[in-house]
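For reference, the structure is listed below as structure tokens.
Note that these values count all heavy atoms, side chains included, but never hydrogens, waters or copies made by symmetry. So that the names make sense, note that chain A is the first sequence line, chain B the second, and so on, each numbered from 1.
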Protein chains: 2
Amino acid sequence: MVTIYDIAEKANVSAMTVSRVINNSGRISEKTRAKVRKVMEEMNYVPNQTARSLVLQQTKLLFLLITDITNPFYTTLARGAEDAAKKQGYRLLFGNSDESLEKEADYVTTILTTRVDGVLLAPAGDPSLPHLELLRRHDVPFVLLDREVPGIDCDIVLGDSKEGARQLVSHLAEAGHERIAMVNGSSSISSARLRLQGYKEGLKLSELPFREDHIFETSFGSLNDLSEMEAWLAGLNPPPTAILTGNNVLAVEVMRLLHGQGLRVPEDMSIVCFDDLGPYADVEPFLTVAAQQAYQFGYMGMSMLIERIQDKETAQPWKKIVLPAELLVRRSVKPLRSGE
Amino acid sequence: MVTIYDIAEKANVSAMTVSRVINNSGRISEKTRAKVRKVMEEMNYVPNQTARSLVLQQTKLLFLLITDITNPFYTTLARGAEDAAKKQGYRLLFGNSDESLEKEADYVTTILTTRVDGVLLAPAGDPSLPHLELLRRHDVPFVLLDREVPGIDCDIVLGDSKEGARQLVSHLAEAGHERIAMVNGSSSISSARLRLQGYKEGLKLSELPFREDHIFETSFGSLNDLSEMEAWLAGLNPPPTAILTGNNVLAVEVMRLLHGQGLRVPEDMSIVCFDDLGPYADVEPFLTVAAQQAYQFGYMGMSMLIERIQDKETAQPWKKIVLPAELLVRRSVKPLRSGE
DNA sequence: TTGTAAGCGTTATCAC
DNA sequence: GTGATAACGCTTACAA
């Protein structure tokens, strides 16, 4: 490995002079600078960021922890985060917790030992609290994404889950649906709770009754086994005419189940969901969704994080950004009567 | 920041003893070990990986560079790479070159300065050669994914592009299609060239003429502007009855174009493509594709990389893995006559 | 304008 | 079993 000392020797200067050339710091004669530059070129010198980080106590490395890398919501979000980080000269490390607290714990360890300068993360749920407290105790700045965690105050970017869910329900009700079920993520996740609330509010506004057995709670990640959901759906009599799912992944899972039973969407069952399916949804977009501004989640969250890192001493108040969801009406809802 | 010296002082031992406890190296009395462990707990000690990397000359960090983070082929591949890395105790850094040579160059710099232990990458194309030579010159082990780069010998995981494309064409021909166009990625990318070859072979096998103007070459990434493609398609007289695209992203772009013109798939135009659309394709899978084993690309590539890193001194011959593509017949092809 | 010395937090080496 | 010391590659502070 070529070090500044190798360069220094060959250029007949001290290592310090080489360091100054690299960092454009201090006053250096043009002649020396040119000479050092030339030797660096010749020797293919590349600065050792590890050594630099050790002395500077900062890595210029940020971390983005998402809960599902195959979910287009999160990959789009990642693009936003990446762009914002790059713009400010930070590099981005990346992790995927897979909605698992254990994997999240692993990544938090990684984050701590790698001494990244800051973390942008979608927590697995309320039980993530100790992980966040650990980060806080070690003075690692972080910004939460998409999900609140009771018990910790911090910067956060959220979607308007309640209002989005309410809109979806109202849309269904206006199309004449009266038996609307909901397949949701874990109630230990704030966004799932809010979407449930929005669902209930939507029912109330349309003067539809809320039925406890119309709620099926599972994981926001993709499901290995659909049998429980199948049993739940089969047990509903009369069956719902529409299903609202708590996110895009669950919409796909529900459709997978329905198709396995030979049922068609929207002819036999209407489906709406939170989050869009991304650009690679087949053909023209089909699902009616409450689309979130995924890219903005990442971009704004990253910007907040970097701001927080750079103003680390001046204690700014915690910021909370709430991004609205947009109802995109497409073809997955069957009109049971003409809209009002 | 708590260091081993802080621990040492409080536990009345030397820093070296603390280091031994952390690494489970050397012989230590159970009593000392317990005492040190206790103090570490109390002080919330977390080892500084930066310092460790500096002395150990390895980071246990690997890098995965893909060309399109929003492409389900690559996110699935990333999952495979992640799983394999984790299994072997490596952490994974992640980058997205966006099919851009410039961004790729940036990431190569990042890779060099961060001193990651190895790199798994899908190169932007043949002009990536200098980037690979730079990695080689700096002794950074790497494994190529999905695309060969003429001029460099290295480990690589490829799909059987030629055979996959041939199958897709044969499938179309068997359905009675005679005018089959192709929208492909840049010819500076090996997989695009091979898919074109497969296309030609497929035509020949079915005794269909090859027409130069049936080929439209663009980028494998998503397109901002469809007007060129539109002009090309409009210029074909008689128009093709089917289009083969070089990857999934281009299939989506072609469908976007067709829908913009009020044309339907497969009624007005049949579409087939390379790579599947991932789990979040709308409803039931619609596109007929040559699906690649995306997860295996990542998993096997990562395994090869780690093997290469661990046997760095013993010069193993370069390995090349070719994964077959599987034809998945769905609903995007209109039968013009009954199959043979 | 340039150089010297110390230190960032850790581990390898060699003593005891 | 345990400890002192040097080293990893770099930058900050101070000196010349």
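Within the 4.5 Å cutoff, no side-chain heavy atoms of A:Asp155 are placed close to those of A:Leu144.
Scored by the ring-ring contact (aromatic ring centres under 6.0 Å, His included) test, B:Tyr74 finds no partners at all (sequence neighbours excluded). Not counting sequence neighbours, B:Phe220 has no partner by the ring-ring contact (aromatic ring centres under 6.0 Å, His included) test. Not a single ring-ring contact (aromatic ring centres under 6.0 Å, His included) links A:Phe142 to another residue, sequence neighbours left out. Taking the side chain to side chain donor-acceptor pair (under 3.5 Å) definition, one finds that A:Ser303 meets it with nothing, sequence neighbours left out. In this structure A:Tyr90 satisfies the ring-ring contact (aromatic ring centres under 6.0 Å, His included) test with no other residue, sequence neighbours excluded. Partners of A:Glu9 by salt bridge (Lys or Arg N to Asp or Glu O under 4.0 Å), not counting sequence neighbours: none found.
Near DNA chain D, meaning a heavy atom under 4.0 Å from it, residues 30-37 of chain B has B:Thr32 in order of number.
Under the 3.5 Å distance criterion, with hydrogens and angles disregarded, no donor-acceptor pair is assigned to the side chains of A:Tyr5 and A:Lys10. No side-chain N or O of A:Thr50 forms a donor-acceptor pair with one of A:Ser53 less than 3.5 Å apart.
Within the structure, every pair that satisfies the salt bridge (charged side-chain N to carboxylate O under 4.0 Å, His left out) test and touches residues 37-54 of chain A, not counting sequence neighbours, is listed here: A:Lys38-A:Glu42. Sequence neighbours left out, not one pair with a member in residues 11-26 of chain A passes salt bridge (charged side-chain N to carboxylate O under 4.0 Å, His left out).
In summary, B:Glu104 and B:Arg147 do not engage in a salt bridge, as defined by a charged side-chain N under 4.0 Å from a carboxylate O.
In summary, contact between chain B and DNA chain D, defined as any nucleotide atom under 4.0 Å from a heavy atom of the protein, begins and ends at D:dG1 to D:dG9 in the 5' to 3' direction.
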Contact pattern, 5' to 3', of nucleotides 9-16 of chain C - B, S or - by protein heavy atom under 4.0 Å: BBBBBB--
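The bend of the helix from C:dT1-D:dA16 to C:dC16-D:dG1, defined by the angle between the axes of its first five and last five pairs, stands at 40° to the nearest 10°.
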